[in-house]
Amino acid sequence: MGIFSKRSSNQLPMVRVPHFIDGKISYGTSTSASEVFDPSKGEIIRTVGVANTADVAEAVQAAERAFPAWAALPAINRANFLSAFRDRLIRYKDVLAATISEEVGKTLPNAHAELVRGIQMVEFAASAATTIQEASPTKKKDGIESWSSREPLGVCVGITPFNFPAMVPLWMFPIAIATGNTFVLKPSEKVPSLPVRLAELLNDAGVPPGVLNVVHGKAETTRALIAQPGVQAVSFVGSTPVAKHIYELASSHHLRVQALGSAKNHLVVMPDAAIDEVCDRLIGAAYGSAGERCMAVAVAVVVGDIADTFVSSLAERVRGITVGPALTEKKGIGPLITREHLDRTRRYIADGVQEGAQLLVDGRRTKVAGH
């Protein structure tokens with residue numbers, strides 16, 4: 001697996017994580033770098049380069065060069081490449097899951113579950129490539145001739161969050177390249193290693209250089225990507241304020257854009273609900289991935305006279321949640337990704353208590369020996 005293949009374990013060495021441009025590892029021209037932490041230990045484990053405008057231009061130009069031949073390739077050929085990529089994801093799933101756990105802080109079972117969902121999307125993309133109609137039959141009626149045609153756009157950009165470094169990119173670039181586009185991915189600088197591994201595996205599956213490129217960075221890198229003249233579309237997942245900014249910025253450059261902001265789920269518990277089953281499922285829905293996901297259940301609305309029973313049953317289960325290091329915790333949860341996230345969560349709880357909430361289980365001072 002390229003730069004990561006000379007290891008005897010699943011853990012990466014202390015390195016500077018590279019970009020992946022035009023089918024090969026690249027460290028770019030920028031000297032700026034960001035620190036990458038292991039949330040379980042609170043230690044810097046590697047650094048990642050912050051791409052400047054020249055690095056971004058190189059990645060977009062590589063995608064532009066790759067686009068004509070890739071778009072002209074028969075859809076079945078693109079599907080075969082994606083199927084080979086899927087096979088490699090399965091082969092290296094343990095290494096990939098360990099990389100997710102190490103940088104995100106989610107437990108290995110959660111990391112494996114993320115990979116399963118990502119692999120499912122690759123399978124969907126491969127099937128889409130073989131079933132999509134690239135043009136509809138010509139229709140003639142009353143002297144009017146009409147037809148429709150689907151054409152790839154060109155270079156697409158994906159900007160992805162820290163909490164799902166495999167699944168969210170795998171929502172984006174497999175669909176884009178299945179339909180004949182090329183892609184530049186800008187993942188969160190907090191979790192840079194896994195996206196490079198995905199690019200290496202896609203390259204190993206035979207996908208031509210430039211079809212998928214990965215550049216790292218922060219806000220300035222994102223702005224440089226969107227401003228590149230070769231970019232045709234932008235997809236974003238992240239916080240609502242940033243989603244709004246991305247939407248406005250991409251729209252100002254006349255790009256197609258989808259920008260998905262923060263979300264949380266609400267659960268309605270009806271009077272005839274099976275309380276034990278609901279509470280068991282709610283633990284996974286609310287606390288899976290340490291709650292760091294947009295579809296986590298944050299609010300439960302209890303209808304009828306079952307509220308006391310529900311709250312008591314749920315609190316008992318919450319007290320039983322174990323907290324441990326990401327790579328060894330099996331049934332509970334790992335750490336939040338940064339100290340800032342931990343402090344923000346503590347503030348939310350304090351705000352709730354101040355506003356009159358009854359705090360039944362307080363985990364704010366949880367300690368894990370040695371971490």
Side-chain angles (χ1 to χ4, degrees), residues 3-4 7 9-20 27-28 30-51 95-112 114-115 159-169 185-198 214-222 237-239 242 287-294 296 322-329 332-348 363-371:
I3 191 172
F4 305 120
R7 295 181 334 284
S9 71
N10 287 343
Q11 291 183 294
L12 302 182
M14 176 62 175
V15 296
R16 178 170 172 139
V17 181
H19 312 298
F20 192 87
Y27 289 92
S30 172
T31 59
S32 178
S34 180
E35 295 172 336
V36 182
F37 288 82
D38 177 346
S40 293
K41 300 177 181 178
E43 297 174 353
I44 300 170
I45 51 175
R46 56 190 64 95
T47 63
V48 58
V50 175
V95 176
L96 298 173
T99 304
I100 294 170
S101 291
E102 186 184 32
E103 290 188 351
V104 180
K106 64 175 62 176
T107 64
L108 280 172
N110 277 169
H112 276 284
E114 173 183 348
L115 284 168
I159 304 161
T160 56
F162 76 86
N163 54 345
F164 288 96
M167 189 177 74
V168 176
L185 174 65
K186 206 294 290 181
S188 167
E189 72 281 1
K190 294 181 178 67
V191 289
S193 301
L194 195 283
V196 177
R197 287 182 151 177
L198 296 181
V214 179
V215 293
H216 303 290
K218 300 183 179 180
E220 60 270 26
T221 305
T222 296
V237 174
S239 70
V242 179
Y287 292 92
S289 297
E292 293 180 313
R293 55 185 183 185
C294 58
T322 56
V323 180
L327 290 171
T328 58
E329 178 60 45
I333 59 176
L336 298 176
I337 190 166
T338 67
R339 168 70 65 180
E340 290 74 20
H341 285 73
L342 176 61
D343 290 343
R344 184 184 308 131
T345 303
R346 285 171 171 164
R347 287 197 303 272
Y348 289 155
R364 286 176 289 180
R365 300 301 170 189
T366 298
K367 299 293 184 183
V368 177
H371 294 81

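Quick note: residue numbers are just sequence positions, from 1. Any value given below was found using the heavy atoms of this structure, including those in side chains, with hydrogens, waters and symmetry copies removed. Here the structure is a predicted model, which means the values were calculated and not measured.
Between Val17 and Thr47, every side-chain heavy-atom pair lies at or beyond the 4.5 Å cut-off. Counting only heavy atoms from C-beta outward, the side chains of Glu103 and Pro165 never approach each other to under 4.5 Å.
Here the side chain of Glu43 pairs no donor or acceptor atom with the backbone of Phe37 at under 3.5 angstrom. Here the side chain of Ser40 pairs a donor or acceptor atom with the backbone of Ala326 at under 3.5 angstrom. At distances below 3.5 Å, at least one donor-acceptor pair connects side-chain atoms of Ser101 with backbone N or O atoms of Lys106. Without hydrogens or angle criteria, Asp38 side chain to Ile45 main chain gives no donor-acceptor distance under 3.5 Å. Listed for the Glu292 side chain is no donor-acceptor partner under 3.5 Å among the backbone atoms of Asn163.
Taking the side chain to side chain contact (heavy atoms under 4.5 Å, CB included) definition, one finds that Thr338 meets it with Lys190, Glu340, His341, sequence neighbours left out. Every side chain to side chain contact (heavy atoms under 4.5 Å, CB included) that Pro187 has, sequence neighbours left out, goes to Thr160, Leu185, Pro195, Val214, His216. Thr107 pairs by the side chain to side chain contact (heavy atoms under 4.5 Å, CB included) definition with Pro109, Asn110, Glu329, not counting sequence neighbours. Scored by the side chain to side chain contact (heavy atoms under 4.5 Å, CB included) test, Ser34 finds Val48, Val50, Glu189, Lys218 as partners (sequence neighbours excluded). With sequence neighbours excluded, the residues satisfying salt bridge (Lys or Arg N to Asp or Glu O under 4.0 Å) with Arg364 are Asp362. Among residues two or more places apart in sequence or in another chain, the salt bridge (Lys or Arg N to Asp or Glu O under 4.0 Å) test is passed with Arg346 by Asp343.
To the nearest 0.5 Å, atoms CG (Leu327) and NZ (Lys41) are separated by 8.0 Å. Atom-to-atom distance recorded for Phe164:CZ and Cys294:SG is 7.0 Å, nearest 0.5 angstrom. Put simply, OG on Ser289 and CD1 on Ile337 are 11.5 Å apart, with the number rounded to the nearest 0.5 Å.
Ion pair Glu35/Arg46 not flagged as a salt bridge, since none of the NZ, NE, NH1 or NH2 atoms sits closer than 4.0 Å to an Asp/Glu carboxylate oxygen.
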